[in-house]
> 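Please see the structure below; I have some questions.
Because the structure is predicted, anything quoted here is derived from the model rather than measured.
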Amino acid sequence: MADKLTTRAVDFSRWYGDVIAAAKLADNSDVKGCMVIRPNGYAIWENIQRQLDGMFKETGHQNAYFPLLIPESYLKKEKEHVEGFNPQLAMVTHAGGGKLTEPYVLRPTSETIINRSFKLWIQSYRDLPMLINQWANVIRWEMRTRMFLRTTEFLWQEGHTCHETEADAEEETLKMLEVYRVFAEEWMAMPVMAGRKTDSEKFAGANRTYSIEAMMQDKKALQAGTSHNLGQNFAKAFDTVFQGRDGQQHHVWQTSWGVSTRLIGGLIMTHSDDAGLVVPPKLAPQQVVIVIIGKGEERAPAYARAVQLAAELKKAGVRVKIDNDEGKPMGAKFYQYEMEGVCVRMDLGPKDLAKEQCVLVRRDDIKNKLSVPLGEAVAKCQSLLEEMQKAMFEKAKAFRDANTFEVNSYDELKARANDGFLLAHWNGDPKIEAQIKAETKLTTRNRPFSLKQEPGKCIVTGEPSVGRIVFSMAY
RNA sequence: CGGGGUGUAGCGCAGUCUGGUAGCGCACCUGCUUUGGGAGCAGGGGGUCGGAGGUUCGAAUCCUCUCGCCCCGACCA
């Protein structure tokens, strides 16, 4: 643990891996692309889950669980869907000592198997809307994997809903995208652009896909969440129908939306620094650590005081622990907690007690040591956590805004390819989009709602454009 | 699947060319000392050297085959 991390400037990718190892978030496993999520990493996921789950419940959704194994024939029912997912499927062909008559697919997403249930559950418009969410693991056979960002197996939630009208489905799609936006910005302190994906970037089987896109510290984009308006594509494939107010049978209008453990990768690449992990207080496994300083007998009074303070902090809902281990030098502990991303460190030793104060250090501002009277320490810890949450968002937002540019020619787009988010006019033709991708590696991220759409000329063809769209290098 | 790299202790590596029965740093364990930014000393535990086969009196080292992992591309949340 005494080793320093690779710095971001030297090698961003290695730095990312070093942070994950140093903060004990995850290990590689013996299965390619699959990772072991360690307690520190899983605690972040649990905090993400707890908050999002509450938000889903508030918007009327219920959790359910559907099988991991999906008959292959289900996937094949929706043409675009099967074409999109085929290369990524893992299949169970043998079980119970023999070959199966029909292979089972390990779910890459659950639209098909959930429609099988929707078909049974829904009879009339009175059963709508049907608002279901599932917390699950999924398997997608990826060529190239990266911890948290793209793993063969990942954890996620997938919302699946059915509605009476197309407008209701569209409203739901946008509502859940907004839930994601609020969660990303208020809980992850990660500014995102919410907007619509182009047809070539949309989900296989959807009519429209919306996403939230964040900017990482290397100026690459990360698609952090998606929400799809599925139209009646799956309903028609699975014959998911309801009797309408008009007495006739209609196919339901559906949505699906999801975020995954990829968010943890986004968290790391948005906020962490060369000293290690930085996590927003609202999601941090450990918010405060009290480090006892001193030798032998002189530690006892500090420890006794720390126990009191920790009890008060816990009562106030703060996740706190005390480090009274005398075996390690203080400095080593400081570096350790910085790598692990503990939000606030309180140093408490004989010198502090003599002055009735303690030293507080905020993780996103480690050079700034604050001396705080012990009587105010609990309140100060709480306010530091709140300030840190806000400061992290503001810092990330300032970075994103400083690396977002309008570009007005193809040459300029090429020249600035690695500079961040590039707002450019494009004629809407998928072929031009593909050409740009092939020539520059830049992809369209989305058409942000916040970006006022004014007509212009396509930077490649000079043809009319309805408005600028965001191009960026992406994960 | 193509290109490159690499497998020796938990991690990082040396040893391989020139075969002689495995070593270093960190981590870990015990004891003493130490404590306001990565501690010191002493002692200790842990590896059938990715796997299989071969050559040899003898293989981490040479030969053959095989497997895994990492990085770069095509694919993708």
Side-chain angles (χ1 to χ4, degrees), chain A residues 1-6 11 13-14 17-18 21-22 24 27-35 83-89 108-109 137-158 180 197 200-204 209 211-214 221-228 256-266 275-276 291-299 302 323-339 345-355 357-359 361 366-367 369 371 437-438 441 443 445 474-475:
Chain A
M1 285 306 137
D3 302 311
K4 284 190 174 164
L5 307 176
T6 307
D11 187 337
S13 186
R14 266 182 67 193
D18 284 358
K24 300 188 178 111
D27 291 340
N28 267 313
S29 76
D30 290 334
V31 179
K32 182 181 161 65
C34 292
M35 64 175 177
E83 280 173 10
F85 277 104
N86 237 342
Q88 289 179 271
L89 298 180
T109 180
N137 57 336
V138 289
I139 301 276
R140 295 182 187 177
W141 216 257
E142 300 289 352
M143 304 283 182
R144 210 177 135 218
T145 59
R146 253 153 99 46
M147 285 206 163
F148 290 110
L149 296 176
R150 179 165 299 104
T151 45
T152 298
E153 178 187 24
F154 58 93
L155 306 182
W156 76 344
Q157 59 67 216
E158 44 180 327
Y180 289 156
K197 289 288 217 185
S200 58
E201 294 281 336
K202 76 179 166 56
F203 175 73
T209 288
S211 71
I212 52 170
E213 303 277 338
L222 183 77
Q223 179 174 306
T226 50
S227 186
H228 315 292
S256 70
W257 27 273
V259 295
S260 71
T261 35
R262 169 178 258 202
L263 289 178
I264 296 173
V291 179
I292 307 299
I293 295 167
K295 59 174 175 179
E297 293 298 305
E298 67 189 26
R299 299 171 67 88
D323 183 343
N324 191 28
D325 180 2
E326 203 178 341
K328 277 183 188 158
M330 182 202 72
K333 293 181 187 178
F334 293 174
Y335 284 107
Q336 182 63 35
Y337 291 125
E338 281 159 15
M339 285 194 290
R345 192 186 77 230
M346 181 189 296
D347 305 339
L348 199 54
K351 291 181 192 172
D352 299 305
L353 283 189
K355 288 184 281 185
Q357 64 177 38
C358 64
V359 173
V361 183
I366 44 182
K367 296 202 170 137
K369 297 190 176 188
S371 289
K437 184 177 177 182
K441 293 183 184 171
T443 51
R445 302 320 305 157
Y475 279 97

> Take atom CG of L149(A) and atom P of rC71(B), then tell me their distance rounded to the nearest Å.
12 Å
> Whole angstrom is fine here: how far is it from CD in E142(A) over to P in rC75(B)?
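In whole Å, rC75(B) P and E142(A) CD are 12 Å from each other.
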> For L222(A), which contact category applies under a 4.0 Å heavy-atom criterion: base, sugar-phosphate, or nothing?
nothing
> What's K367(A) touching, base or sugar-phosphate or nothing? Going by heavy atoms closer than 4.0 Å.
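Since no nucleic acid heavy atom lies under 4.0 Å of K367(A), the category is nothing.
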> With both distances under 3.5 angstrom, what nucleotide forms a Watson-Crick or G-U wobble pair with rU48(B)?
none
> 5'-most contact on RNA chain B: K351(A) or K437(A), nearest heavy atom basis?
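This one resolves to K351(A).
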> Show me the protein contacts with nucleotides 33-35 of chain B, counting only N or O atoms at under 3.5 Å.
residue : atom : partner : partner atom : Å
rU35(B) : OP2  : K295(A) : NZ           : 3.0
rU35(B) : N3   : E326(A) : O            : 3.4
rU35(B) : O4   : E326(A) : O            : 3.4
rU35(B) : O4   : E326(A) : OE2          : 2.5

> How far does the C1' atom of rG12(B) sit from the matching atom of rC1(B), given to the nearest Å?
32 Å
> Classify the nucleic acid contact of Q223(A) as base, sugar-phosphate or nothing, counting any heavy atom under 4.0 Å across all strands shown.
sugar-phosphate
> Rounding to an integer number of Å, can you tell me how far D27(A) CG sits from rC69(B) P?
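That distance rounds to 15 Å.
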> Between W156(A) and G33(A), just flag the one whose closest nucleotide in RNA chain B comes earlier from the 5' side.
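It is G33(A), whose closest nucleotide lies nearer the 5' terminus.
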> Could you check whether the side chain of Q336(A) and the base of rG37(B) have a donor-acceptor pair of N or O atoms closer than 3.5 Å, going by distance alone?
no
> Identify whether any heavy atom of T151(A) sits under 4.0 Å from a base atom; if not, whether one sits that close to sugar-phosphate; answer base, sugar-phosphate or nothing.
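The residue T151(A) makes base contact.
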> Looking at rG37(B), rC70(B), rG36(B), which one has an atom nearest to any side-chain atom of N28(A)?
rC70(B)
> Heavy atoms only, 4.0 Å cut-off, all strands: where does F154(A) land among base, sugar-phosphate and nothing?
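Result for F154(A) = base.
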> Less than 4.0 angstrom from a charged side-chain N to a carboxylate O is my criterion; do E298(A) and K351(A) meet it?
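Salt bridge flag = no for K351(A) with E298(A).
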> Base, sugar-phosphate, or nothing for V259(A), non-hydrogen atoms under 4.0 angstrom?
nothing
> Counting the atoms with a prime plus P, OP1 and OP2 as sugar-phosphate, which does S260(A) contact under 4.0 Å by heavy atoms, base, sugar-phosphate, or nothing?
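Base: the residue S260(A), judged by heavy atoms under 4.0 Å, touches a nucleobase.
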> Could you check whether R146(A) gets within reach of a base, just the sugar-phosphate, or nothing at all, counting any heavy atom under 4.0 Å?
nothing
> Quick check, does F334(A) stack with rG37(B)? I mean ring centres under 5.5 Å and planes off by under 30°.
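F334(A) vs rG37(B): stacking no.
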